[in-house]
Amino acid sequence: MDWGALHAVIGGVNKHSTSIGKVWITVIFIFRVMILVVAAHEVWGDEQEDFVCNTLQPGCKNVCYDHFFPVSHIRLWALQLIFVSTPALLVAMHVAYYRHETARKFRRGEKRNEFKDIEDIKKQKVRIEGSLWWTYTSSIFFRIIFEAAFMYVFYFLYSGYHLPWVLKCGIDPCPNLVDCFISRPTEKTVFTIFMISASVICMLLNVAELCYLLLKVCFRRSKRAQAQSSHPNHTLKENKQNEMNELISDSGQNAITGFPS
Amino acid sequence: MSWMFLRDLLSGVNKYSTGIGRIWLVVVFVFRLLVYMVAAEHVWKDEQKEFECNSRQPGCENVCFDNFFPISQVRLWALQLIMVSTPSLLVVLHVAYHEGREKRHRKKLYVSPGTMDGGLWYTYLISLIVKTGFEIGFLVLFYKLYDGFGVPYLMKCDLKPCPNTVDCFISKPTEKTIFIFFLVITSCLCIVLNFTELSFLVFKCFIKCYLQKYAKKLKSSVCECHSLRYVECGGRGAPPLLRNHHSCLAINILPLPEAKLLGDTQGC
């Protein structure tokens with residue numbers, strides 16, 4: 001089990017996401033997971049080995065390292081990526097449940113006019129409306145909460161996003177206030193700022209997606225209300241035409257590069 | 001052989017699980033296996049190299065490390081994951097055995113394709129009980145071995161060949177404590193899910209049996225005869241395999257109710 005497996009699961013959700021959701025998935029996997037795996041592990045690989053304190057007192061280095069780095073940066077990022085990707089599984093589970101119900105009704109003979117066979121049900125793109133809209137919106141909301149929470153925890157634990165090159169440590173068993181030196185502080189600061197920026201971008205994308213979904217619903221409702229008040233006889237036809245148009249425009253924005261759905 | 005093998009095996013279990021069983025699978029894969037592989041393993045990577053005792057006596061560090069960590073926490077975590085995932089294979093084996101029997105007899109052993117005997121229900125129940133047992137067992141073992149779920153930064157050691165009571169410092173104690181608490185919380189969550197699934201299955205069975213008995217009483221008190229076929233609880237040894245959580249509970253006075261453990265078949 002590794003990031004590839006998570007990518008396979010989240011990639012499956014890609015089909016049912018909005019365009020902004022697809023961009024978000026791309027940013028998560030290319031700019032965060034890949035950077036974490038390819039670069040960050042190399043930079044933080046020797047973090048404890050090369051953490052040196054200016055004393056020969058055994059145990060001082062361990063204690064000081066533990067005090068300044070209660071959780072390593074890369075572990076915190078890994079946990080953040082896992083928690084941020086998990087709400088998408090809610091959507092995947094909801095879609096699977098919806099398909100299961102539709103297949104059950106199909107076998108009973110209820111939806112024979114809508115689908116040709118069971119394979120058709122599995123290939124159909126599920127639209128984000130009704131209860132799925134609520135699941136999708138909640139998943140975006142939780143994503144935003146998790147991103148913000150982890151960014152705050154990061155800031156709180158490390159007193160900012162910058163790593164100093166020397167730290168003063170006077171914890172027992174260190175005999176006095178000793179200097180402790182972090183390995184590669186500048187490179188670590190660069191990667192930290194990169195990951196935080198990617199995090200901010202993801203959060204902005206989530207907020208934009210949330211606003212987009214809310215606006216879409218309000219727009220749909222007002223159009224429906226307008227149509228009902230002005231042309232009560234033609235409402236059904238117009239609604240169907242609008243839905244067809246939306247479906248066409250949604251599926252047209254399907255091409256996000258590098259991402260198999 | 002790696003964790004991929006376990007993942008592929010368990011994915012096959014997904015088909016025969018209830019809704020709660022699938023949530024359990026997600027929790028195990030995402031919050032336990034994935035976290036173990038991408039984060040926890042690396043925290044314990046250099047645990048012995050960075051374990052330092054305040055003594056230059058050769059062998060003192062080795063002896064003290066061995067005394068405090070008879071088995072590394074991360075290895076215990078991996079063992080727990082394997083043992084907890086294995087009972088689900090019982091279900092897969094049972095289904096494979098059943099399909100093998102059908103092929104050998106070259107005919108359907110049961111009335112309709114979706115119906116399975118109560119044996120699979122019992123297998124599923126046993127796998128749930130064994131899973132829960134392993135979870136609780138490993139948690140208790142963890143607690144007893146390490147005197148709690150925390151990792152201290154300092155331990156005192158006076159075993160030979162250490163000359164006196166020396167201070168020994170563990171590497172990354174806070175990070176290790178955080179991950180162990182993560183392990184304990186996900187483990188407890190899995191135990192709760194298992195108990196919920198167990199109660200749900202048993203409760204559904206009781207309701208079904210009760211309704212069948214009630215219908216039987218009703219039938220015997222009514223003069224007209226309908227062609228009613230049903231399976232009695234305990235008649236063929238076990239109730240029909242229970243369906244998904246959203247299945248109806250009422251029995252049909254029609255061809256045998258088809259029950260499958262979260263399959264994709266007909267209705268009640």
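This structure is a prediction, so every number in the text was calculated from the model and none was measured. Side-chain atoms are counted along with the backbone in the values below, which use heavy atoms only and exclude waters and symmetry mates. In what follows, chains carry the letters A, B, and so on, assigned in the order in which the sequence lines appear, proteins first and then strands, with residues in each chain numbered from 1.
- Options A:Gln48, A:Gln57, A:Met93, A:Lys61 differ in how many heavy-atom pairs under 4.5 Å they form with chain B, and the most are formed by A:Gln48.
- Of the candidates A:Phe194, A:Tyr155, A:Phe191, A:Tyr161 forms a ring-ring contact (aromatic ring centres under 6.0 Å, His included) with just one, namely A:Tyr155.
- Classification of the B:Phe149-B:Phe181 ring pair by plane angle, with boundaries at 30° and 60°, yields perpendicular.
- Heavy atoms of B:Lys49 lying under 4.5 Å from chain A belong exclusively to its side chain.
- Contact annotation for B:Leu154: neither backbone nor side-chain heavy atoms come within less than 4.5 Å of a heavy atom of chain A.
- Between B:Glu47 and B:Arg75 there is a salt bridge, since a side-chain N of the basic residue sits under 4.0 Å from a carboxylate O of the acidic one.
- Listed in order of number, the residues of residues 72-90 of chain A that approach chain B to under 4.5 Å between heavy atoms are A:Ser72, A:Arg75, A:Ala78, A:Leu79, A:Ile82, A:Phe83, A:Thr86, A:Leu89.
- Within the 4.5 angstrom heavy-atom criterion, only side-chain atoms of B:Asp46, from C-beta onward, approach chain A.
- When all heavy atoms are compared, the tightest approach of A:Met195 to A:Phe31 is SD-O, 4.3 Å.
- When all heavy atoms of A:Ile182 and A:Pro164 are compared, the closest pair comes out as CD1-O, 3.2 Å.
- Here the SG-CH2 distance, from B:Cys190 to B:Trp24, works out to 6.5 Å after rounding to the nearest 0.5 Å.
- Look at A:Glu147 and A:Arg32 and you find a salt bridge, because one of the NZ, NE, NH1 or NH2 atoms lies within 4.0 Å of a carboxylate O, short of that distance.
- For chain A, the nearby part of B:Cys53 is the backbone; its heavy atoms alone come within less than 4.5 Å.
- When each of B:His42, B:Arg56, B:Glu52 is checked for heavy-atom pairs under 4.5 Å with chain A, B:Glu52 comes out on top.
- Aromatic ring centres of B:Phe69 and B:Phe65 lie closer together than 6.0 Å.
- For the set B:Val43, B:Val26, B:Thr177, B:Ile23, the entry with the most heavy-atom pairs within less than 4.5 Å of chain A is B:Val43.
- Contacts between B:Val35 and chain A at a heavy-atom distance below 4.5 Å involve backbone atoms as well as side-chain atoms.
- Each side-chain hydrogen bond (donor to acceptor under 3.5 Å, both in side chains) pair with one or both residues in residues 25-41 of chain B, not counting sequence neighbours, appears once here: B:Arg32-B:Glu135.
- B:Pro87 and B:Ser127 get closest at one heavy-atom pair: O-CB, 3.3 Å.
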